[in-house]
Each structure stands twice: as C-alpha cells, then as structure tokens.
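Working notes, structure below.
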Amino acid sequence: MLVDASAVEVYANGGRDVLSTRWFPVAEELSVALHGSCAAGHVWAMGDGMAGTY
C-alpha cells in the first residue's frame with residue numbers, strides 16, 4: 001500500500017493486482033489501517049518531494 005498527499009495505491013499478488021485512487025485530504029494527520037492478513041509488510045516514511053516549492 002502506498003499513501004501520499006494525493007494518491008492511494010494498493011498492490012496485491014506480487015503487483016499483479018493494483019487499486020489506485022486520488023484523494024485530497026484536509027486533515028493535518030493521517031491514519032492508515034489494514035484489516036486482513038498478509039505474508040509480510042514494510043513501512044517507509046515518505047518525504048515531501050515538492051517541499052520548498054510552494
């Protein structure tokens with residue numbers, strides 16, 4: 001699952017199945033929850049690639 005400032009992408013079955021959507025949240029903080037099971041998961045903090053340009 002990839003979540004950033006305006007996109008959510010969920011990958012399954014080794015990337016063969018993908019769900020993508022755009023969104024524009026207004027909250028200062030974001031919580032993401034995964035319900036179900038998976039073999040493994042990793043979390044990385046994503047930086048703001050546009051920082052300083054706006």
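These numbers come from a predicted model, not from an experiment.
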**OP:** Measure the CG-CG distance between L19 and D17 for me, rounded to the nearest 0.5 Å.
**Re:** 10.0 Å
Original post:
If every non-hydrogen atom of V18 is compared with every non-hydrogen atom of S20, which pair is closest and at what distance?
Top reply: CG1-OG, 3.6 Å
Original post:
Does the R22 side chain pair with the main chain of S6, one donor and one acceptor, at a distance under 3.5 Å?
Top reply: yes
